[in-house]
Structure formats: C-alpha cells, structure tokens
Amino acid sequence: MAHEHKLEIFRGLWKFKSNTQKIWGVLAFLTLVTAVEVVLGIFKPEFLTDTYVLGMKLLNWIFIILTLVKAYYISWDFMHLRDEKSALRRAIVWTPVFLVLYLAFILLVEGNYVFDVYKDGFVKWNF
C-alpha cells in the first residue's frame, strides 16, 4: 500500500513540487553543512581551538554536533522517519544520540585520567 511522501523539509518551512526538487533541496542542505565542516577544518579559527568546553576544544564539539545533525537529517528524510509514529522516531533517533554523547563523555574522562597519570609523573613517558 503506497502513500504519498511529504514534499517539504524543515517541518514545512521549505516546500517542493516534486520528489526531484526535494532531493536537490536535501542535497543543498547537506552540502551546506558539509561545506561548513570543511571550511572550519581547513581554517581552524583560533577562538574555536583555544576555547575548551567540557575538556574538549569547541571546534571538536562543533564537528560532533554538525555530524549528528547530518545523521539525524539523513535518517529523517531518506529513511522516511517523518512518516512514522513519534515513539518509533524517538527510539531510532535518540538512542544513537545518547550513545554517542555517552561514548564522548567516557573517552574524555578516561583520556584525561591517563593524561593526568603521565603528566603527574606516576608513570614515565616511555613511548
């Protein structure tokens, strides 16, 4: 049983007349987000590399957030999550977001602990 897919993105703010136009609109959005990531990766503004938030450079947080935005939007549009019930959408989207944030937290805490152990001289830098 086929049903029509919604020809709009950004919760109806941008509407299209055909699927082809919608694909080009989605491509434009994903290209824009990727271009921002590439420009930030090439130029690495000093105020973003010198600012630390929760033990990590602000630039790295921006990369993580933009990557999650792209992953969310790809699943929202290309996996047609917008047409599903809200409980299924939340289960699919929020579970990986939570797990990525949890992994980032664990890596930061454990990495900082290992760095402090070597920095404070309990173990020599032997590599």
Side-chain angles (χ1 to χ4, degrees):
M1 196 164 30
H3 62 280
E4 289 293 320
H5 296 291
K6 296 178 184 172
L7 295 176
E8 56 191 30
I9 58 176
F10 304 122
R11 300 195 184 265
L13 294 177
W14 199 0
K15 297 179 182 179
F16 301 99
K17 296 178 184 172
S18 69
N19 279 332
T20 305
Q21 285 183 344
K22 182 181 173 190
I23 289 170
W24 282 106
V26 171
L27 176 68
F29 171 69
L30 294 175
T31 302
L32 177 70
V33 173
T34 303
V36 168
E37 286 180 332
V38 169
V39 167
L40 286 175
I42 290 173
F43 292 111
K44 295 179 185 149
E46 192 172 320
F47 70 93
L48 293 176
T49 56
D50 292 342
T51 306
Y52 284 84
V53 176
L54 296 174
M56 193 165 59
K57 293 178 183 177
L58 184 59
L59 183 63
N60 290 344
W61 282 113
I62 291 173
F63 285 145
I64 290 171
I65 291 168
L66 288 177
T67 302
L68 288 175
V69 165
K70 286 194 307 187
Y72 174 80
Y73 194 75
I74 288 169
S75 64
W76 182 257
D77 235 357
F78 292 118
M79 293 174 60
H80 306 288
L81 284 180
R82 81 172 74 211
D83 301 327
E84 299 295 338
K85 296 192 181 278
S86 64
L88 179 63
R89 285 194 313 243
R90 287 186 187 116
I92 291 174
V93 171
W94 288 110
T95 302
V97 168
F98 169 75
L99 291 176
V100 166
L101 293 175
Y102 182 65
L103 175 66
F105 171 76
I106 288 177
L107 289 174
L108 288 172
V109 169
E110 292 298 321
N112 192 40
Y113 170 75
V114 170
F115 178 77
D116 286 343
V117 166
Y118 281 115
K119 185 180 81 168
D120 293 336
F122 296 120
V123 177
K124 296 286 185 198
W125 288 94
N126 58 359
F127 51 91

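Grouping the Ile, Leu, Val, Met, Phe, Trp and Tyr side chains by contacts below 4.5 angstrom, directly or via other members, places Val114 with Val117. By the rule that hydrophobic residues join a cluster once side-chain heavy atoms approach within less than 4.5 Å of another member, Leu59 and Val53 end up as members of one cluster. By the rule that hydrophobic residues join a cluster once side-chain heavy atoms approach within less than 4.5 Å of another member, Val109 and Met56 end up as members of separate clusters. Residue Val33 is grouped with residue Val36 when hydrophobic side chains (ILVMFWY) are merged at heavy-atom distances under 4.5 angstrom, including chains of intermediate members. Taking hydrophobic clusters as Ile, Leu, Val, Met, Phe, Trp and Tyr residues chained together by side-chain heavy-atom distances below 4.5 Å, Leu66 shares a cluster with Ile74.
Minimum heavy-atom separation, Val93 to Ser75: CG2-OG, 4.4 Å. The two atoms that bring Leu54 and Trp61 nearest to each other are CB-CZ2, 4.1 Å, heavy atoms only. Scanning both residues, Lys44 and Gly41, for their nearest heavy atoms gives CE-O, 3.2 Å. Taking both residues in full, the closest heavy atoms of Pro96 and Ala91 are given as CD-O, 4.4 Å, listed atom of the first, atom of the second, then distance. The nearest pair of heavy atoms linking Arg89 to Trp76 is CD-CZ3, 3.1 Å.
Separating the CG atom in Leu101 from the CD1 atom in Ile64 is a distance of 8.0 Å, to the nearest 0.5 Å. The distance from atom CZ of Phe29 to atom OG1 of Thr31, rounded to the nearest 0.5 Å, is 10.5 Å. To the nearest 0.5 Å, the span separating CD on Glu110 from CZ on Phe105 amounts to 9.0 Å. Within the model, atoms OH of Tyr102 and CG of Leu107 stand 11.0 Å from one another, a figure rounded to the nearest 0.5 Å. Distance check: Leu27 CG to Leu32 CG gives 11.0 Å after rounding to the nearest 0.5 Å. Note that the CG atom of Leu103 and the CZ atom of Phe98 stand 11.0 Å from one another [nearest 0.5 Å].
Judged by distance alone, with hydrogens and angles left aside, the side-chain atoms of Thr95 form no donor-acceptor pair with the main-chain N or O of Ile92 at under 3.5 Å. Checking side-chain atoms of Thr51 against main-chain N and O of Leu48 turns up no donor-acceptor pair under 3.5 Å.
By the ring-ring contact (aromatic ring centres under 6.0 Å, His included) test, Phe63 pairs with no residue at all, sequence neighbours left out.
A heavy-atom distance below 4.5 Å is found between the side chains of Tyr73 and Val26.
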